[in-house]
Amino acid sequence: RLNPQSIDAPLHIARLRKRQGHNAEANRFFGIVLDLAPDHIDALTGYGQTLADGGDVAAAIRHFSDWANRQPREVSPYLELGWLHHKQEDIDRAQAAHRDLVTNLTRDQPTLSRLSRILARDPARLEQALDILERNELDQTVVITHFAQTIATLGREPVVKYWLLGNCER
């Protein structure tokens with residue numbers, strides 16, 4: 001027997017449909033959760049992510065911006081805004097979104113780490129990223145590596161290259 005006021009079932013279905021790439025259906029279920037619990041962080045995050053994944057990046061940015069305005073001390077909307085701007089290659093707005101968050105939560109390690117990773121993707125801003133890590137005494141390991149293809153390795157790149165590429169976002 002399901003409790004109609006419980007958010008567990010619709011949240012589980014929304015996450016599942018999102019993972020399957022059925023964004024419209026996922027949004028419908030995230031909406032049900034948000035009707036029952038308007039400040040549910042996972043539902044707010046998932047709703048915005050599925051908007052972006054479905055191709056409506058402008059709506060996702062509006063969603064996360066509205067959420068950030070309603071809850072300025074919450075980390076998630078700023079991180080999502082920064083990530084969306086970064087994916088659109090708008091580094092200045094990505095940096096601004098994370099800087100807004102850093103202003104409110106200057107010692108939050110995941111936030112500062114995410115900001116430094118976004119900055120580090122632009123070689124011209126690598127120094128700025130390293131400075132953020134150093135200034136805030138974050139316990140981070142920074143690995144700078146370069147894999148160059150040669151005739152001998154063409155098409156047979158080392159497995160570690162793909163491991164590093166897959167883990168550099170985390």
| query | To the nearest 0.5 Å, how far apart are CG in L11 and CD1 in I32? | reply | 11.0 Å
| remark: Separation between CG (N27) and CD (E25), nearest 0.5 Å, reads 10.5 Å
Nearest heavy-atom neighbours spanning [X] and [Y]:
X: W67; Y: I41; value: CH2-O, 3.8 Å
X: F30; Y: Y47; value: CD1-N, 3.6 Å
X: G46; Y: K18; value: O-CE, 4.2 Å
X: A26; Y: A14; value: CB-O, 3.5 Å
X: G82; Y: A94; value: O-CB, 3.3 Å
X: V33; Y: A43; value: CG1-CB, 3.5 Å

| field | Residues, nucleotides or ligands: over 12 heavy atoms within 6.0 Å of Q20 CD | value | yes
Would you list the atom pairs, donor with acceptor, under 3.5 Å between side chains in residues 53-66 and any protein atom, with sequence neighbours excluded?
{"from": "D56", "atom 1": "OD1", "to": "A59", "atom 2": "N", "distance (Å)": "3.2"}
{"from": "H63", "atom 1": "NE2", "to": "L44", "atom 2": "O", "distance (Å)": "2.7"}
{"from": "S65", "atom 1": "OG", "to": "I61", "atom 2": "O", "distance (Å)": "2.8"}

| request: Any pair with a residue in residues 6-25 that passes ring-ring contact (aromatic ring centres under 6.0 Å, His included), sequence neighbours left out, goes on the list, sorted by first then second residue, please. | output: none
| task | May I have the step-by-step check of side-chain contact (heavy atoms from CB on, under 4.5 Å) for T50 and R17, ending in yes or no? | result | CA-CA 10 Å; T50 54; R17 300 312 280 168; over 6 Å; no
